[in-house]
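First comes the structure, then the notes that go with it.
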Amino acid sequence: MYAVVRRIPCGRVATYGDVAALAGRPGRAREVGWALHALDAESRVPWQRVVNARGEVSARGEPAAARVQRALLEREGVRFGSSGRIDLAKHRWGPASRGKAAPR
DNA sequence: GCAGTGACTAGTA
DNA sequence: ATACTAGCCACTG
């Protein structure tokens with residue numbers, strides 16, 4: 001699970017569903033959320049690159065953290081949309097974007 | 001063991 | 001476009 005998150009390259013993001021699928025657990029997006037919840041700041045896991053299906057960071061009850069997460073992603077080169085959302089078509093790390101731009 | 005909650009997703013209205 | 005519902009699985013009370 002954490003290995004998958006660590007494999008997300010800089011400037012890329014993945015959805016919970018993608019991480020779950022890559023971790024061998026398709027459909028268990030909530031499990032990913034729980035796993036990251038149990039993470040520590042010392043885990044060296046780029047949990048910031050994990051976002052929900054809308055391309056937005058999750059608030060986990062502390063909006064401040066989401067704001068920090070967004071800043072980190074921007075620093076990595078991730079461009080946010082008009083609503084503070086990420087363009088998943090460009091930054092999504094997954095089977096449909098690995099090395100190829102998603103048409104349409 | 002059952003019920004409630006949760007860093008989610010997809011479908012329907 | 002948003003709001004609500006159902007499905008999904010793990011953890012807590």
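Chain letters run A, B, ... following the sequence lines, proteins first and then strands; every chain starts at 1. Just so it is clear, the model here is predicted, and its values are computed rather than measured.
Here A/Val68 is tied into one hydrophobic group with A/Leu72, each link being a pair of ILVMFWY side chains closer than 4.5 Å.
A/Arg28 has its side chain out of reach of A/Val32: every pair of non-hydrogen atoms, C-beta onward, lies at least 4.5 Å apart. Side-chain contact between A/Glu56 and A/Val51 is absent, with no heavy atoms from C-beta onward closer than 4.5 Å.
Note that CD of A/Glu76 is 4.0 Å distant from CZ of A/Arg49, once rounded to the nearest 0.5 Å.
No donor-acceptor pair under 3.5 Å is formed between the side chain of A/Arg12 and the backbone N or O of A/Trp93.
A/Arg28 places its CZ atom 18 Å from the C1' atom of B/dA7, with the value rounded to the nearest Å. For the pair A/Leu39 CG and B/dA7 C1', the computed distance is 10 Å after rounding to whole Å.
The span of DNA chain C lying next to chain A, judged by atoms under 4.0 Å from heavy atoms, is bounded 5' to 3' by C/dG7 to C/dC11.
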Side chains of residues 79-89 of chain A: which donor-acceptor pairs under 3.5 Å do they make with residues two or more places apart or in other chains?
residue: A/Asp87; atom: OD1; partner: A/Ala89; partner atom: N; Å: 3.3

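The ring-ring contact (aromatic ring centres under 6.0 Å, His included) contacts involving residues 9-36 of chain A comprise A/Trp34-A/His37, where partners must be two or more places apart or lie in separate chains.
Listed by chain and residue number, nothing satisfies the side-chain hydrogen bond (donor to acceptor under 3.5 Å, both in side chains) test with A/Glu74 (two or more places apart in sequence, or in another chain).
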Using a 4.0 Å heavy-atom cut-off to protein, can you give one letter per nucleotide of nucleotides 8-13 of chain B, 5' to 3': B if the base is in contact, S if only the sugar-phosphate is, - if neither? BSS---
